[in-house]
Amino acid sequence: MAETTIPMLPCRTSLIDSVVAFYAALGFDTTYLQKSPYAYAVVERGAVELQLYGMKEYDPASSHSGCYVLTEDVDGLHTAFRAGLKTAYGRVPTRGLPRIGPLKDMSYGVRQFLVTDPTGNTIRIGQPISEDPNHRPAPKETFARALHMADLFADSKQDLPGAARIIDRVLGLTDEEPTPVQRLRLLVLRGDIARRMGEAERAAELLAEAEGIRLDSDQRVLAGDALARLAELRD
């Protein structure tokens, strides 16, 4: 007998309509919706089903709830979700609530992105890119380690100031130099963080510096995700 797991996620009661609309923008169908005696909704996209239950005093800003969705086409879903959100909101929301994050290869063998709904639930969408699902040790090399830790702070912990401090420290080193690809990744991530923190002028400076880095064809392949994110942020 096959079993199925269905995540049940909290939702501030007054936001139930905007949450359902958000998932509709991602291509989910609303298969059930009630407003009384309490708010409850079910949204489905293919084999993925999410159930949302209302809580009157739920605080989206302090939410830690969510789930992980595995897919065989993470790039395709990222593209589709961004397009749907841009149509629904007139822009691709990358900070605040709701938001969608960049696509990245993670240290635990998946390529993933995060999408957070208006009530603070974070859905991680990932595709395995390695047969080893275990977390790798943090890299020892200075700049690789900084990228690894800053990614974790910025996305998994949502600690933007902490991620910014990590990157600022290594970019200020005078006795070591990152590779061009590492410098590009650090600057793009730091620019992304600055933008998400509302520091528009600082973000523009960082992204302009990143844009000025010269890469050969092989380096551009290695920096593909960072270059794509740079183009999005400069758009």
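In what follows, every heavy atom counts, from backbone to side chain, and hydrogens, waters and symmetry copies are set aside. On a predicted model such as this, the values are computed, not experimentally measured, just so you know.
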Ile125 and Gln112: CA distance, side-chain angles, deciding distance, side chain to side chain contact (heavy atoms under 4.5 Å, CB included) verdict: CA-CA 5 Å; Ile125 316 289; Gln112 75 170 24; 6.0 Å; no

For Gln182, give me all partners under side chain to side chain contact (heavy atoms under 4.5 Å, CB included), at least two apart in sequence or on another chain.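 Scan of Gln182 (side chain to side chain contact (heavy atoms under 4.5 Å, CB included), adjacent residues dropped) gives Glu141, Phe143, Ala144, Leu147, Pro178, Thr179.
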
Which residues pass the side chain to side chain contact (heavy atoms under 4.5 Å, CB included) test with Tyr38, not counting sequence neighbours?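 Only Gln34, Tyr40 meet the side chain to side chain contact (heavy atoms under 4.5 Å, CB included) criterion with Tyr38.
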
In terms of side-chain geometry, is the basic nitrogen of [X] or [Y] positioned less than 4.0 Å from the acidic oxygen of its partner?
| X | Y | answer |
| --- | --- | --- |
| Lys35 | Asp17 | yes |
| Arg45 | Asp29 | no |
| Asp225 | Arg185 | no |

Leu52 and side chain to side chain contact (heavy atoms under 4.5 Å, CB included): which single residue from Val42, Asp117, Leu33 fits?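 Result for side chain to side chain contact (heavy atoms under 4.5 Å, CB included) with Leu52: Asp117.
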
When the ring planes of Phe81 and Phe28 are compared, do they come out parallel, tilted or perpendicular, using 30° and 60° as the limits?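 Answer is tilted, since the angle falls between 30° and 60°.
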
Considering all heavy atoms, the nearest Ser63-Thr119 contact: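 Ser63 and Thr119 have their closest heavy atoms at CB-O, 4.0 Å.
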
Donor-acceptor side-chain pairing of Gln127 and Thr71 below 3.5 angstrom: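 The criterion, which ignores hydrogens and geometry beyond distance, is not satisfied for Thr71 and Gln127.
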
Verify whether one side chain among Thr13 and Tyr58 offers a donor that lies under 3.5 Å from an acceptor in the other.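 No, no side-chain donor-acceptor contact under 3.5 Å.
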
Has Arg234 got more than 12 heavy atoms of other residues, nucleotides or ligands less than 6.0 Å from its CZ?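 Check passes, neighbour count above 12.
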
